Amino acid sequence: MSRVAGVIVDVPSRSTDRPFSYAVPADMRAWIEPGSRVGVPFAGRTLQGFVVSLADEPPAEGPAKLKPIAELLDPLPPLLPDLVELARWISEKYCCTWTAALQAMVPSAIKGKAERHLRLADGADEPAAEAAAESAAARSDVGRPEAFWAMPGEAAPELPPSETLPQELVRELRRHGSLKLEAARQRWPEAGGAIKRALAQGVLIEETSIRDRIGVRTQLTVYPPLDREAAKAALEALPGTAKRQKELLLYVLALEGPVTLQAMLADTGASASSAKALADKGYILVEEAEQQRDPYAGREFRRSEPLPLTDAQREVFVRIRDAVERTAPATFLLQGVTGSGKTEIYMQSIQRALELGREAIVLVPEISLTPQMVERFKGRFGDEVAVLHSRLSSGERYDEWRRIRRGGAKVAIGARSAVFAPFARLGLIVIDEEHESSYKQEETPKYHARDVAVQRARQHGAVVVLGSATPSLETYAAAARDGAGGALLRLSERAVASSLPPVTVTDMRDELKSGNRSMFSRALHEALQARLERGEQSVLLLNRRGYSTFVICRSCGYTALCPHCDISLTYHQKTRAMRCHYCGHAELAPSACPSCESEQIRYFGAGTQKVEEELAKLFPGIRVIRMDVDTTTEKNAHEKWLKLFGERKADVLLGTQMVAKGLDFPYVTLVGVIAADTSLNLPDFRAAERTFQLLTQVAGRAGRHHLPGEVIIQTYNPEHYAVIASQRHDYEGFVAEEMKHRRMMGYPPFCRLILVTMSHEQLATLSAASDRFARRLIELAGQRGVLQPLHGSGARALELLGPVASPISRIKDRYRFQCMVKYRGAVPAAELVSEAIRQAEAEAPRSGVLFSVDVDPHMIL
DNA sequence: GTCTTCGTTTCG
DNA sequence: GAAACGAAGACT
């Protein structure tokens with residue numbers, strides 16, 4: 001039995017991010033495991049922590065006497081030992097704290113916070129209370145016992161009210177045993193001093209315990225009487241006046257199992273007091289019972305059976321199935337265009353894993369976790385499926401997560417964080433639309449679900465399947481490298497017989513030359529007209545990225561900037577306010593230019609709204625559904641709009657990226673991209689890749705069923721290789737060209753990147769800190785012999801760019817500098833960066849400079 | 001000589 | 001990140 005536990009405490013600081021040893025109380029020994037969540041005393045208070053290790057003897061270093069773990073927070077450890085290990089791997093790879101990685105793995109509902117309670121000292125509520133109080137008070141020279149208690153009838157004249165504990169507080173403490181300190185402080189604001197002194201003198205005792213933000217939901221539940229005969233007898237014995245009670249008793253006698261109190265009262269029309277009367281007499285049992293919040297409760301899913309596979313599908317499936325059966329780690333890239341039947345392969349592979357007694361995780365981009373998608377998996381695997389996505393309430397999420405943890409679900413389908421689903425015997429992890437940027441978390445820990453999945457698969461001997469029509473260059477390069485294409489599986493033709501639609505590229509410069517100043521090219525205008533006449537539907541995509549809705553004065557060039565950040569404010573039509581993306585600062589949009597007082601102030605790039613207005617002008621009576629941040633913020637708005645569109649209640653679906661993902665409507669025969677190149681010109685090395693992926697994906701949206709489809713892409717750069725390749729549905733061609741650029745410019749996959757951003761209110765402090773960091777890193781890299789230019793010949797190379805001001809040089813009144821670390825070969829770059837930060841911080845402790853590390857960054861804007 | 005405040009250390 | 005600790009200054 002382990003006597004000592006290593007605990008990572010919940011303090012988000014690098015300096016405390018190591019295991020601290022605690023004694024395991026004897027009564028907890030059978031319960032505590034690596035992954036248990038506990039409350040431990042730390043620096044004079046109780047904190048939440050995770051047990052990461054167990055030992056029989058205390059470590060050599062550390063104090064002679066260990067403090068004991070104060071409480072065990074969950075009967076079943078929220079994490080498994082392999083997840084604890086995975087968290088450590090994440091903290092090393094992504095330069096974050098172990099505690100941050102652990103926190104990312106559990107649902108937000110169990111982020112416990114210490115709650116402080118007050119209770120009377122032992123004996124204080126006995127008749128000897130006065131004596132106890134007296135002796136306590138006698139130890140001190142302040143206050144007197146009668147003043148403390150201020151009992152009715154006792155005099156406490158010489159002290160002002162603030163010196164006495166309110167009677168009511170004492171009474172409450174006697175009745176309930178304890179009270180929340182915060183609640184006491186609010187109810188008796190003037191008693192602060194008295195409480196403090198009572199605590200100091202031991203009359204009151206403060207206890208802390210960890211309480212979760214959201215608990216298990218319980219509901220009052222009525223159980224039918226165990227002894228039905230006795231209950232029937234009681235029915236006779238009840239007085240004639242107790243009509244309601246008789247009705248209730250008859251009702252419960254007819255029950256097979258428990259019902260909720262709410263349901264019983266609704267069914268019988270009785271009141272809660274009647275039920276209570278019966279319960280008090282012991283005829284029925286009313287108890288708090290745990291309830292599962294099932295977000296899909298009451299929904300029927302059409303049962304689906306495995307479909308026959310095409311030859312191509314079968315070939316791919318066999319490869320995956322064999323790997324799953326070998327239970328050795330393996331990664332496959334499954335490249336297949338939209339509609340090539342990847343999902344059926346996923347489902348049959350999962351089926352096989354389940355048959356082998358193993359579990360599976362399916363990751364999908366948040367945006368494509370549509371009801372349609374859920375329906376397919378629920379239809380095949382029924383209740384074995386747990387769904388985790390951001391639109392669930394945190395309570396619902398928690399319940400789905402606990403279902404996984406307890407073994408009630410064998411398949412988890414969800415967004416990024418579902419990669420941490422607490423399964424013990426993972427057999428398969430599927431990542432659909434592998435190239436999607438939503439798999440990269442933008443907050444600390446800045447992990448990529450794909451890389452975490454591969455590591456988790458290594459731990460479990462599981463198989464990872466990465467699916468995409470347009471794999472990211474990193475994944476593609478890795479798959480091509482691995483065993484002569486062994487990891488690359490292809491599905492080229494569409495499973496449903498329909499070919500990819502023709503793609504027309506229109507050059508908007510030509511349009512302008514011919515005098516067309518509208519945002520629709522003639523081709524798109526005609527195509528829209530034709531769809532309206534034929535009663536077919538169109539999807540219009542506005543590539544929002546790069547389209548800022550900033551405010552500009554046309555006569556003097558003034559733009560509205562955030563006073564706290566180095567960024568222009570964006571305009572929101574709905575509220576007529578200008579808002580900062582980064583700090584939330586908002587102000588009313590001016591009607592005249594604040595700088596030159598001209599009325600020529602305009603709101604630019606209003607995006608979808610502007611397109612909508614123009615559509616209404618060109619096609620009177622056209623029915624448009626607009627989907628963007630303004631129209632989809634409320635819960636389920638997203639689904640609501642899509643449902644309307646699916647029912648052909650609109651002619652055009654207009655939106656940003658989100659309309660491009662995973663939608664499948666039979667009457668959509670036209671897809672138009674308003675301005676393909678807004679994302680092409682971004683100063684990000686992935687700009688071309690993103691544009692290509694988006695355009696290709698959009699192209700797959702039209703004509704997926706029986707009606708032939710058409711795609712029109714409007715651009716100012718028709719000769720750009722990303723545009724040309726997407727027009728030809730030519731992934732290989734795009735990759736070849738893009739790889740040339742990446743190699744030339746020294747970007748992934750030819751090297752790897754770590755972006756280190758530092759911030760501080762004062763430029764001078766920041767500048768000094770960034771220099772310190774850079775110096776340390778160069779020193780460390782030099783010692784390892786890896787500091788050399790990337791274009792050199794060495795197998796291992798690391799170079800440091802910067803420090804320079806970040807592209808957004810100030811956010812929330814903090815200046816920002818960044819360093820870009822580029823490296824190639826087996827360089828322990830993350831380790832070097834962590835060490836350099838540690839040394840830089842040690843050199844100038846408490847400088848207030850914040851370091852933020854992004855390993856394999858996605859946006860370097 | 002005791003109380004207060006600040007910066008520093010350490011938390012098991 | 002925050003309590004505990006110890007050193008240096010403020011006041012009885």
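Values below: every heavy atom of this structure, side chains too, minus hydrogens, waters and symmetry copies. What you see is a predicted model, and the numbers here were worked out from it, not measured in a lab.
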Who passes salt bridge (Lys or Arg N to Asp or Glu O under 4.0 Å) against A:Arg816, sequence neighbours left out?
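Partners of A:Arg816 by the salt bridge (Lys or Arg N to Asp or Glu O under 4.0 Å) criterion come out as none, since no residue qualifies.
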Nearest-0.5 Å distance that lies between atom CD in A:Glu71 and atom CD1 in A:Ile210
6.0 Å
Measure the spacing between NZ of A:Lys67 and OH of A:Tyr22 and express it to the nearest 0.5 Å.
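These two atoms lie 7.5 Å from each other.
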5' to 3', nucleotides 5-10 of chain B under a 4.0 Å protein heavy-atom cut-off (B base, S sugar-phosphate only, - none) gives ---SB-
Rounded interatomic separation in angstrom, taking [atom1] from [X] and [atom2] from [N]:
{"X": "A:Gln48", "N": "B:dC11", "atom1": "CD", "atom2": "C1'", "value": "17 Å"}
{"X": "A:Gln103", "N": "C:dG1", "atom1": "CD", "atom2": "P", "value": "14 Å"}
{"X": "A:Ile32", "N": "B:dG12", "atom1": "CD1", "atom2": "C1'", "value": "15 Å"}
{"X": "A:Leu47", "N": "C:dA2", "atom1": "CG", "atom2": "C1'", "value": "9 Å"}
{"X": "A:Phe42", "N": "B:dG12", "atom1": "CZ", "atom2": "C1'", "value": "8 Å"}
{"X": "A:Arg45", "N": "C:dA3", "atom1": "CZ", "atom2": "P", "value": "6 Å"}
{"X": "A:Asp10", "N": "B:dC11", "atom1": "CG", "atom2": "C1'", "value": "15 Å"}
{"X": "A:Ile8", "N": "B:dC11", "atom1": "CD1", "atom2": "P", "value": "15 Å"}

Base, sugar-phosphate, or nothing for A:Pro41, non-hydrogen atoms under 4.0 angstrom?
sugar-phosphate
Looking for any heavy atom pair under 4.0 Å, which part of the strands does A:Tyr22 touch: base, sugar-phosphate only, or nothing?
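The answer is sugar-phosphate, as A:Tyr22 gets under 4.0 Å only of primed atoms, P, OP1 or OP2.
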Evaluate the side-chain contact (heavy atoms from CB on, under 4.5 Å) criterion for residues A:Thr444 and A:Val853: first the C-alpha distance (whole Å), next the side-chain angles of each, then the deciding distance (0.1 Å), finally the verdict.
CA-CA 8 Å; A:Thr444 311; A:Val853 184; over 6 Å; no
So for atom [atom1], which belongs to [X], do other residues, nucleotides or ligands contribute more than 12 heavy atoms lying within a distance under 6.0 Å?
{"X": "A:Arg14", "atom1": "CZ", "value": "yes"}
{"X": "A:Lys812", "atom1": "NZ", "value": "no"}
{"X": "A:Arg403", "atom1": "CZ", "value": "yes"}

Please walk me through it: do A:Arg458 and A:Gln455 pass side-chain hydrogen bond (donor to acceptor under 3.5 Å, both in side chains)?
CA-CA 5 Å; A:Arg458 256 181 227 144; A:Gln455 176 64 17; 2.7 Å; yes
Could you please spell out the steps behind the ring pair (Phe, Tyr, Trp, His ring centres under 6.0 Å) verdict for A:Tyr447 and A:Phe420?
CA-CA 12 Å; A:Tyr447 67 90; A:Phe420 301 121; 5.2 Å; yes
Counting Watson-Crick and G-U wobble pairs whose two distances are both under 3.5 Å, find the runs of 3 or more in a row that involve DNA chain B.
B:1-11 with C:1-11
